[in-house]
Amino acid sequence: MSEPNRRRRWYRLAAVLLVLLIGYGSYRAIRPDPNLKKVKQLRDEFATQSKDWTPEQRAEKGKEMRTAMEKLSPAQRDVLAAEGRKKFEEQLRQYAQMSPQQKIQYLDDQINRSEQMRQQFAQQNGGAPRPPGGGPGTFGGGPNGPGGGGKQMSQEEREKRRKERLDQTTPEFRALMDQYRKDMNARRQQRGLATRG
């Protein structure tokens, strides 16, 4: 085989390899991350089905969620948090537009669900109160949260996280959230229940 033919063959092979590499790289860049997909699936399950779960099922799903979240990059976590804030802000807007009777019904539904979960937890744990953050094995009991099994945050770390969360929200969101908290505490008080911070 002559030298020019050998070179052409190598050029063709190099071109094919380059096309394959570009194709693979493009696929990796645009395909959905399986861990991100898992977290979104679990988040949707929590939103639609969690009220029907037993405390054991909730704890198991919370553990699955934490495991999947640990595999995400910080950028992916930020995207998920932003999506969650946006969804929650929309719920707060809907709440703000409800009539007074609808607001009472909505708050009562939230209180009933919360109290039911608290009672189920107490029954399972011999009357012990539910720790803040959901406790170990539940969604919300992260590694730095109380009962999460990890190190406790210092006052400076808590303050830093509070400021970061504040920076990620709009003044409108904070106003909606403050009003919702006031309404929730007022309704809890009317029902003879402890208010929350």
Side-chain angles (χ1 to χ4, degrees), residues 27-98 105-121 124 130-151 153 157-158 160-170 172-181 183-184 196-197:
Y27 165 75
R28 294 279 301 183
I30 62 171
R31 78 177 170 97
D33 182 298
N35 292 323
L36 186 59
K37 187 177 176 183
K38 177 73 172 172
V39 169
K40 286 184 176 187
Q41 175 192 344
L42 287 167
R43 185 180 61 185
D44 291 345
E45 287 178 24
F46 266 99
T48 59
Q49 302 169 19
S50 65
K51 57 184 151 192
D52 300 325
W53 292 341
T54 65
E56 296 86 12
Q57 290 171 317
R58 201 172 288 114
E60 184 59 35
K61 289 290 184 181
K63 187 177 177 183
E64 272 185 64
M65 176 70 90
R66 272 192 308 284
T67 301
M69 287 288 287
E70 288 169 359
K71 296 176 183 175
L72 298 180
S73 70
Q76 289 173 318
R77 288 185 197 145
D78 290 345
V79 168
L80 278 175
E83 287 175 7
R85 277 191 304 276
K86 187 175 177 184
K87 214 178 257 189
F88 186 57
E89 186 170 356
E90 184 54 39
Q91 290 173 350
L92 290 175
R93 283 181 208 275
Q94 290 173 1
Y95 170 78
Q97 294 172 355
M98 291 177 183
Q105 181 62 48
Y106 181 83
L107 293 171
D108 282 344
D109 289 345
Q110 299 298 314
I111 291 168
N112 292 343
R113 188 175 303 130
S114 172
E115 288 300 303
Q116 181 185 11
M117 287 171 55
R118 186 187 61 74
Q119 289 169 2
Q120 286 175 344
F121 185 89
Q124 277 200 309
R130 184 175 182 169
T138 62
F139 183 61
N144 295 327
K151 71 175 183 75
M153 287 193 291
E157 290 171 321
R158 280 195 297 275
K160 181 182 175 196
R161 296 238 350 234
R162 188 189 70 77
K163 286 180 181 176
E164 286 172 357
R165 284 192 305 268
L166 196 62
D167 290 342
Q168 294 168 346
T169 59
T170 63
E172 183 183 9
F173 174 83
R174 292 191 294 273
L176 288 167
M177 188 65 200
D178 286 344
Q179 186 59 53
Y180 175 76
R181 277 193 192 122
D183 292 353
M184 177 62 81
R196 298 194 173 159

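Worth knowing before you read on, the calculation uses all heavy atoms, side chains too, and leaves out hydrogens, waters and symmetry mates.
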For this session: Before giving the answer on side chain to side chain contact (heavy atoms under 4.5 Å, CB included), spell out for V79 and Q76 the whole-Å C-alpha distance, their side-chain angles and the decisive distance to 0.1 Å.
Result: CA-CA 5 Å; V79 168; Q76 289 173 318; 5.6 Å; no
For this session: Report the C-alpha distance between K40 and R43 in whole Å, list the side-chain angles of each, state the deciding distance to 0.1 Å, and finish with yes or no for side chain to side chain contact (heavy atoms under 4.5 Å, CB included).
Result: CA-CA 5 Å; K40 286 184 176 187; R43 185 180 61 185; 3.8 Å; yes
For this session: Begin with the C-alpha distance, continue with both residues' side-chain angles, and end with the deciding distance and a verdict on side chain to side chain contact (heavy atoms under 4.5 Å, CB included) for K71 and V39.
Result: CA-CA 10 Å; K71 296 176 183 175; V39 169; over 6 Å; no
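Between the side chains of E45 and Q41, at least one donor-acceptor pair of N or O atoms lies under 3.5 Å. N112 and Q116 are not linked by any side-chain donor-acceptor pair at a separation below 3.5 angstrom, with hydrogens and angles left out of the test.
R85 contributes no side-chain N or O that, together with a main-chain N or O of T169, makes up a donor-acceptor pair within less than 3.5 Å. Using modelled atom types, no side-chain atom of R93 and backbone atom of F173 make a donor-acceptor pair closer than 3.5 Å. Of the possible donor and acceptor atoms, none in the side chain of S114 sits under 3.5 Å from a partner among the backbone N and O of Q110.
For the atom pair CE of M184 and CG of D108, the computed distance is 9.0 Å after rounding to the nearest 0.5 Å. Rounded to the nearest 0.5 angstrom, K63 NZ and L42 CG are separated by 13.5 Å. Rounding to the nearest 0.5 Å places CE of M69 at 5.5 Å from CG of L80.
The side-chain heavy atoms of L176 and Q179, taken from C-beta on, include no pair separated by under 4.5 Å. Residues F88 and M177 have side chains in contact (heavy-atom distance under 4.5 Å, counting atoms from C-beta outward). A 4.5 Å side-chain heavy-atom check between K38 and E64 finds at least one atom pair inside the cut-off.
L107 and D183 make their closest contact through CD1-O, 3.7 Å (heavy atoms, listed as atom of the first residue, atom of the second, distance).
No salt bridge links K86 with E83; every basic N to acidic carboxylate O contact stays at or beyond 4.0 Å.
Ring geometry for Y180 against Y106 counts as perpendicular: the plane angle is over 60°, on a 0 to 90° scale with 30° as the lower cut.
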